[in-house]
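In what follows, a single structure is set out as structure tokens and then discussed.
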Amino acid sequence: MAADEFDAIVVGAGPGGTAAALTMARAGLSVVLFERGARPGLKNVMGGVMYGRMLADVVGEGWREAPIERVVTDERLWLATADAVTTIGHTHVPPAAGPPNAFTVLRVPFDGWFAAQAEAAGALLVPGTTVEDVIREDGRIVGVRTGRADGDLRAPLVVIADGANSFLVQKAGLGRPLQPHEMALVVKEIIALPSGVIEDRFTLEPGRGATIEVYGAPTRGMAGYGFVYTNRESLSVGIGALVSHFMKTRITPWDLLEGFKAHPMVAPLLRGGEVREYLGHAIPEGGRRAMPRLYDHGVLVVGDAAMMVNNLHREGSNLAMAAGRMAGETAVHAKKVGDWSAETLAMYQDLLEASFVLQDLRKYERLPDLVERRPDLLQVYPALLSEAIHEMLTVDGVSKREKQRRILRRLLARRPWWRILRDAYEGWRAMR
Ligand SMILES: Cc1cc2nc3c(=O)[nH]c(=O)nc-3n(C[C@H](O)[C@H](O)[C@H](O)COP(=O)(O)OP(=O)(O)OC[C@H]3O[C@@H](n4cnc5c(N)ncnc54)[C@H](O)[C@@H]3O)c2cc1C
């Protein structure tokens, strides 16, 4: 490839990189999109919920053609003990027009389709190619070194979108390796079931989908959660926790997943299903305080590589897509003014600051520290709530007033009032 043949090089054809490449290509910039997998999506793992608004912001009406598994209309949060769950849920009818709020996907078809949109807009997708380093000259990033024989490629902009624990961020001098408490490890299975069985078990209209997130006992004292998401003819079932907690407890991810699948409320949902795939992946969870620098001369960082994950709300793909679009818009401006310096590329940071991406990450910037220090909060309170509800629902001749006293006694026996107040304060402070 000739020197400076392209305006921009994007590394990684996930939601972030592809959104950046597509935005630039549509505006007429010449873009190359490197993906280490033989096909986009092949190396990628995700629980599987994506968001319509951010997709439509990138592809416009093209969202209608996206390979959606199911439109999510039923979202449930389970607070679980070993043998019970307390459910908080929300069910709605999907909008008659416009993109759905949320939908499930499988990454191989979705990433392939999304990258094809970038190609159709004029981006050059180069799969099966790992970017091994950035090329730096006079303090600027001026290209990348790939694993190919004719390996170096130069461009005035490199967009780093290579996902969790990005080594290119480190090579570019923008950040450090993630620490074990800044990263979760998640394992997941795709379990095949007929669509009718899924709709019966989750009480769904045809084509509609459900998500269940499970906090409490299944993570066995570690900070994390389990999930069950419905696809058209399969379920995505997974569980994860902070790497630092796996190291401390020595529980293996495989054991954790087996225990989750055997939970008395989870097992009936999976019964008769056939495991088609077993996958594991990291999620960057250090939050805003652990983010790398997002731009410099000739470089922008997008998505998981930039720690853009809001795990409390199960959001990552949408932050990556929105940031990818903003990186693309920044590049279009830089091309127009003919300046790819950090001063011009700072526009990317400004766009992010003005958007939900950095505003949400700032809102929760204390949360990762609380989650690492106090995994007990995710065990004790779901259990107390479950026991309290169970007590009130048990019809055994004991008066309701006496039941209230019992609940309070049980609560204070396990947690003195001042600790409850402190926990509530810490929780509020981390999420306000
Ligand atoms: C188990 C799990 C469940 C999740 N569930 C959800 C969910 O339900 N909803 C949600 O919104 N988010 C979820 N997330 C998070 C979401 O997957 C990520 O936030 C999102 O994929 C980030 O997009 P990205 O483009 O930044 O990175 P990625 O999707 O990781 O894409 C990075 C791409 O770069 C490629 N690559 C890496 N290194 C190189 C290299 N050196 N050269 C070339 N190519 C390279 C990779 O192969 C990959 O295709 C989940 C994550 C996991 C692990």
Side-chain angles (χ1 to χ4, degrees), residues 9-21 32-51 54-55 69 72 75 102-108 110-112 114-115 125-134 144-148 151 158-171 183-190 209 211-213 224-229 231 236-241 253 257 278-285 301-311 313-324 327 357:
I9 296 166
V10 180
V11 184
T18 298
V32 59
L33 173 58
F34 284 116
E35 168 54 45
R36 70 180 167 175
R39 277 186 294 145
L42 222 50
K43 298 266 184 191
N44 295 342
V45 182
M46 195 178 141
V49 184
M50 285 198 174
Y51 300 90
M54 285 75 213
L55 178 61
E69 288 288 312
V72 174
E75 306 199 40
F103 52 87
T104 52
V105 298
L106 295 171
R107 286 290 297 264
V108 173
F110 182 86
D111 286 15
F114 199 30
L125 171 69
V126 185
T129 302
T130 300
V131 171
E132 294 174 348
D133 205 345
V134 292
V144 297
R145 178 147 302 151
T146 72
R148 289 173 160 243
V158 174
V159 177
I160 298 177
D162 58 344
N165 208 14
S166 160
F167 81 96
L168 285 181
V169 161
Q170 295 159 48
K171 295 263 185 189
M183 198 167 25
L185 180 62
V186 186
V187 285
K188 163 188 164 176
E189 285 179 356
I190 297 179
T211 63
I212 304 176
E213 269 99 28
Y225 64 89
F227 59 84
V228 182
Y229 300 147
N231 304 313
S236 292
V237 182
I239 190 162
L257 182 59
Y278 179 78
L279 310 146
H281 207 275
I283 302 185
E285 298 207 345
V301 189
V302 158
D304 276 14
M307 190 72 84
M308 292 174 181
V309 170
N310 177 351
N311 201 33
H313 291 270
R314 184 236 288 135
E315 294 181 22
S317 63
N318 55 331
L319 277 75
M321 266 187 211
V357 176

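Reckoned from all heavy atoms, side chains included, excluding hydrogens, waters and symmetry mates. Both ligands and their constituent atoms are indexed starting at 1 by order of listing.
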Seminar exercise, completed: In terms of heavy-atom contacts, Pro284 and Ala164 come closest through CD-CB, 3.8 Å
Problem set entry | Contact check: Val309 vs ligand 1, nitrogen or oxygen atoms, below 3.5 angstrom | no
Exercise. Below 4.5 Å, heavy atoms only, C-beta onward: do Val126 and Arg148 meet side chain to side chain?
Worked result: yes
Exercise. Does ligand 1 have a heavy atom under 4.0 Å from the side chain of Thr129, from its backbone, from both, or from neither?
Worked result: backbone
Exercise. Which one of Asp304, Thr18, Asp162 has a non-hydrogen atom at the shortest distance from atom 26 (O) of ligand 1?
Worked result: Asp304
For this session: Let me see the working for Met50 and Phe114 under side-chain contact (heavy atoms from CB on, under 4.5 Å), right down to the final yes or no.
Result: CA-CA 13 Å; Met50 285 198 174; Phe114 199 30; over 6 Å; no
Exercise. Does Met50 come within less than 4.0 angstrom of ligand 1, counting non-hydrogen atoms of the residue?
Worked result: no
Problem set entry | Shortest non-hydrogen separation from Pro253 to Leu185 and the atoms involved | CG-CD2, 3.6 Å
Exercise. At a 4.0 Å cut-off, with the gap strictly under it, does some heavy atom of Met308 reach an atom of ligand 1?
Worked result: no
Exercise. Purely on distance, is any nitrogen or oxygen of Ala320 under 3.5 Å from one on ligand 1?
Worked result: no
Exercise. When only distance counts, is Ile283 in polar contact with ligand 1, meaning an N/O pair under 3.5 Å?
Worked result: no
For this session: Quick one: look at Ala164 and ligand 1, take heavy-atom pairs under 4.0 Å, and tell me if it's side chain, backbone, both or neither.
Result: neither
Seminar exercise, completed: Note: Val186, heavy atoms under 4.0 Å from ligand 1, region reported as side chain
Problem set entry | Region of Thr130 engaging ligand 1 - heavy atom pairs below 4.0 Å | both
Problem set entry | Side chain proximity check, Met307 to Ser166, heavy atoms < 4.5 angstrom | no
Problem set entry | Whether Tyr225 and Phe227 hold their rings parallel, tilted or perpendicular, with breakpoints at 30° and 60° | perpendicular
Exercise. Of all heavy-atom pairs between Ala322 and Val357, which one has the smallest distance, and what is that distance?
Worked result: CB-CG2, 4.0 Å
Problem set entry | Donor + acceptor pair across side chains of Ser236, Asn231 (<3.5 Å) | yes
Exercise. Hey, does Val49 have a side-chain heavy atom less than 4.5 Å from the side chain of Glu75?
Worked result: no
Exercise. What do you reckon, does Gly48 put a non-hydrogen atom under 4.0 Å from ligand 1?
Worked result: yes
Seminar exercise, completed: Contact region, Arg314 to ligand 1, non-hydrogen atoms below 4.0 Å, reads both
Exercise. Near Val49, which atoms of ligand 1 are under 4.0 Å from a heavy atom of that residue?
Worked result: 7 (C), 8 (O), 9 (N), 10 (C), 11 (O)
Exercise. Any N or O on Ala282 sitting closer than 3.5 Å to an N or O of ligand 1?
Worked result: no
For this session: State which residue, out of Leu319, Val301, Asn318, fulfils the side chain to side chain contact (heavy atoms under 4.5 Å, CB included) condition with Met308.
Result: Leu319
Seminar exercise, completed: Short version for Arg107: what comes under 4.0 Å of ligand 1, heavy atoms counted, is side chain
For this session: Determine the minimum heavy-atom distance between Ala38 and Pro127, stating which atoms define it.
Result: O-CB, 3.4 Å
For this session: Give yes or no for whether the N/O distance cutoff of 3.5 Å, strictly under, is met between Phe167 and ligand 1.
Result: no
Problem set entry | Taking every non-hydrogen atom, the tightest pair across Ile160 and Leu168 | CD1-O, 3.8 Å
Exercise. Is the closest heavy-atom distance from Lys188 to ligand 1 below 4.0 Å?
Worked result: no
For this session: Please indicate whether any nitrogen or oxygen in Ser317 is less than 3.5 Å from any nitrogen or oxygen in ligand 1.
Result: yes
Exercise. For Pro40, is the nearest heavy atom under 4.0 Å from an atom of ligand 1?
Worked result: no
Exercise. Counting heavy atoms only, which of Arg36, Glu213, Glu132 is nearest atom 45 (C) of ligand 1?
Worked result: Arg36
